[in-house]
Student: 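Take this structure first; my questions come after.
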Amino acid sequence: MSTRETELLARVPAGLYIDGAWQQGGGEPIDVTDPATGVVLKQIANADAADGIRALDAAVAAADSWAATAPRVRAEILRRAFDLLQERRDDFALLMTMEMGKPLAEANGEVTYGGEFLRWFSEEAVRISGRYGLNPEGTGSMVVSQRPVGPCLLITPWNFPLAMATRKIAPALAAGCTVVVKPAELTPLTTLFFVQLLEDAGVPAGVVNVITTSDSSTVAAPIIADPRLRKLSFTGSTAVGRKLIVQAAQGVLRTSMELGGNAPFVVFEDADLDKAVEGAMLAKFRNIGQACTAANRFIVHESVAGEFARRVADRVTALKMGRGTESGVTIGPLVNEAAVAGTDALVKDALAHGATLLTGGVRPAGPGSFYEPTVLTGVTPGSAILSEEIFGPVVGIVTFTDEAEAVRLANSTEYGLVSYVFTQDLARGQRMIAQLDTGMMGLNTGLVSNAAAPFGGVKQSGLGREGGLEGIHEYLSTKYTLIPVS
Ligand code: NAD
């Protein structure tokens, strides 16, 4: 570890952040490790169930005063947080690379993306509007207004440690809600560092509370069961999301569920192949393939599949694998050994089902949890790689012969987060917008995320939207009042 890294880690808080104070946790400390080296970076506090309830107590105690804080004041605090994040950009990027493994350039990209939610929702905080009008009978005024939903539990995954936090915290605070944040155990340092930034930006005590824990279900369940909680926002796997929806049903909680994906990446015979290859590299290898929006199934017209596969394989062999802090590295490690084993098993299963390996398919010797970027062609129906979320740097290509088959293959999944389509035919593009069952679509691009856009899925990819004009409404409830005309 470099001196700069050691010095940065020393500045990252290690406690639970409850009611504006750093506190010990009831459990044994958690080791946070660097997936590129296996070295322990830092030990942090481990919350138990009682700590979780104390965090909720703090969020509940602060709820009324934060809801009553002027929207302009809430907006300016978020804007200050955005500015501070720009000042501290290099620290955040380095910290994310250290705990999660993504290359430094991508971590920098996440600081930009994650920061935009602070800026966007600082702008939205002062634009929460309602309606006023005469009822159809002419006997009364109908007033529709928006109120904060109340205390929220925000649960985030490890793959985008900053952006998944800001995408929830910023709209919640803008709407006037207080929150308890539970980051992923594998990458909690970024959230702890970020809450320190929020304190510096002027977020009052109790408005944002952070609990880190090695026992998420034991700590989260009593919070979700507590009638004072009014909203659960979760980003993570569909399997865990389903369990949380069941728990949330007891209290009839508002929920937002940003769950798994299995994105089809469709390349038609009329596609600009340069753009399609560029899009594939972005949609597949960003974040080492560990993104809910990662292209999972490459569905390519049979007439261009060979050329497409060769060109992607050429680009893949030029990727440089290593610790994300090293110059020129474009592929970091996977988040842990379990992720490597899972990726390897999917590749082996595809090969056993008859796929052809163009490049990769190798687990390098340690240290670190690396997997070589891989390209498979001729993936056959029944291969697990077509139905499961890969979450690793593996391209699996299947072919189709006509548009109807492409649509059928693309939609043959329980997921529906995002799709990518490459065609130069505008009419075909419009048909794909209408026919693909996904919450988002990239038409001739491999990247759709933007703070100003509604992010989210259909089917088992989730409920609700984050970002865009829609994002703040996840944290607002609508109130209608009738005032009779006297
Ligand atoms: P995960 O579901 O294992 O964990 C997500 C979070 O939930 C973590 O903080 C974890 O500690 C917590 N958790 C796990 N079990 C819990 C329980 N029983 N009760 C309460 N909390 C619990 O997911 P992950 O491995 O961290 O993240 C990868 C998954 O997230 C992938 O499926 C990916 O597609 C999805 N994801 C979705 C989006 C999106 O916006 N749709 C974005 C990023 C990641």
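Throughout, residue positions are numbered sequentially from 1 according to the sequence presented. A quick note: this is a predicted structure, and the numbers were derived from the prediction, not measured. Counting convention: from 1, in listed order, for ligands and their atoms alike.
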Student: Taking NZ in K320 as the centre, count heavy atoms belonging to other residues, nucleotides or ligands within less than 6.0 Å. Is the count above 12?
Tutor: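 Yes - once you tally the heavy atoms of other residues, nucleotides and ligands closer than 6.0 Å, there are more than 12.
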Student: For atom 39 (C) of ligand 1, which of the options S217, G236, C292, P183 provides the nearest non-hydrogen atom?
Tutor: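 Minimum heavy-atom distance to atom 39 (C) of ligand 1 goes to C292.
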Student: Which ligand 1 atoms does F455 reach within 4.0 Å, using its non-hydrogen atoms?
Tutor: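 Every atom of ligand 1 under 4.0 Å from some heavy atom of F455: 39 (C), 40 (O).
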Student: What do you reckon, does K243 put a non-hydrogen atom under 4.0 Å from ligand 1?
Tutor: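 No, K243 has no heavy atoms under 4.0 Å from ligand 1.
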Student: Should one rank E466, E389, E185 by closest heavy-atom distance to atom 34 (O) of ligand 1, which comes out on top?
Tutor: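 It is E389 that holds the nearest heavy atom.
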Student: Any atoms of ligand 1 less than 4.0 Å from a non-hydrogen atom of T235? List them with their elements.
Tutor: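 Those of ligand 1 that fall under 4.0 Å from T235 are 5 (C), 36 (N), 37 (C), 38 (C), 39 (C), 40 (O), 42 (C), 43 (C), 44 (C).
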Student: Out of L259, T187, T212, indicate the one that has the non-hydrogen atom closest to atom 41 (N) of ligand 1.
Tutor: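 Shortest heavy-atom distance from atom 41 (N) of ligand 1: L259.
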Student: Is there a heavy atom of F160 sitting under 4.0 angstrom from any atom of ligand 1?
Tutor: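 Heavy atoms of F160 never come under 4.0 Å of ligand 1.
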Student: Taking non-hydrogen atoms only, is Q290 closer than 4.0 angstrom to ligand 1 via side chain, backbone, both or neither?
Tutor: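 Under 4.0 Å from ligand 1, Q290 contributes no heavy atoms.
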Student: Is the NZ or CZ atom of K231 positioned over Y475's six-membered ring, under 6.0 angstrom from the centre and within 45° of the axis?
Tutor: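 Cation-pi check for K231 and Y475: passes.
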Student: Write out the residue and atom name of the closest protein heavy atom to atom 24 (P) of ligand 1, then the distance separating them to 0.1 Å.
Tutor: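 Among all protein heavy atoms, the one nearest atom 24 (P) of ligand 1 is W158 NE1, 3.3 Å.
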Student: Under 4.0 Å from any heavy atom of L244, which atoms of ligand 1 are there?
Tutor: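 Counting from 1, the qualifying ligand atoms are 19 (N), 20 (C).
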Student: Going by distance only, is there an N or O of R167 that falls short of 3.5 Å from an N or O of ligand 1?
Tutor: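 There is such a contact, yes.
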Student: Among N296, T438, N262, D437, find the residue that satisfies the side-chain contact (heavy atoms from CB on, under 4.5 Å) test when tested with Y415.
Tutor: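 Option passing the side-chain contact (heavy atoms from CB on, under 4.5 Å) with Y415: N262.
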Student: For atom 20 (C) of ligand 1, find the nearest protein heavy atom and state the residue, atom name and distance (0.1 Å precision).
Tutor: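 Checking every protein heavy atom, the shortest distance to atom 20 (C) of ligand 1 gives A220 CB, 3.6 Å.
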Student: Could you check atom 44 (C) of ligand 1 against the protein and tell me its nearest heavy-atom contact, residue, atom and distance included?
Tutor: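 Going atom by atom, the protein heavy atom closest to atom 44 (C) of ligand 1 ends up being N159 ND2, 3.3 Å.
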Student: Any idea which protein heavy atom is nearest atom 15 (N) of ligand 1, and the distance to it?
Tutor: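 That would be V240 CG1, 3.5 Å.
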Student: I'd like the name of whichever of V335, I155, L154, V418 reaches closest to atom 12 (C) of ligand 1 through any heavy atom.
Tutor: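 Minimum heavy-atom distance to atom 12 (C) of ligand 1 goes to I155.
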Student: Identify the closest protein heavy atom to atom 13 (N) of ligand 1: which residue and atom is it, and at what distance?
Tutor: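 Looking at atom 13 (N) of ligand 1, the protein heavy atom closest to it is S216 CB, 3.7 Å.
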Student: What atoms of ligand 1 come within less than 4.0 Å of a heavy atom belonging to T156?
Tutor: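 Ligand 1 atoms under the 4.0 Å threshold to T156: 6 (C), 8 (C), 9 (O).
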Student: Hey, does K182 come in under 3.5 Å of ligand 1, counting only N/O atoms on both sides?
Tutor: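 In this structure, K182 places an N or O atom under 3.5 Å from an N or O of ligand 1.
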Student: Can you list the ligand 1 atoms lying under 4.0 Å from a non-hydrogen atom of F391?
Tutor: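 Atoms satisfying the 4.0 Å criterion: 28 (C), 31 (C), 33 (C), 34 (O).
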Student: Return the set of residues passing ring pair (Phe, Tyr, Trp, His ring centres under 6.0 Å) with Y113 (not counting sequence neighbours), or none when no residue passes.
Tutor: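 Listed in chain order: F117.
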Student: For atom 2 (O) of ligand 1, find the nearest protein heavy atom and state the residue, atom name and distance (0.1 Å precision).
Tutor: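 I find the closest protein heavy atom is S237 OG, 2.6 Å.
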Student: As an exercise, identify every atom of ligand 1 less than 4.0 angstrom from a heavy atom of P157.
Tutor: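 Heavy-atom distances to P157 below 4.0 Å select 26 (O), 27 (O), 43 (C), 44 (C).
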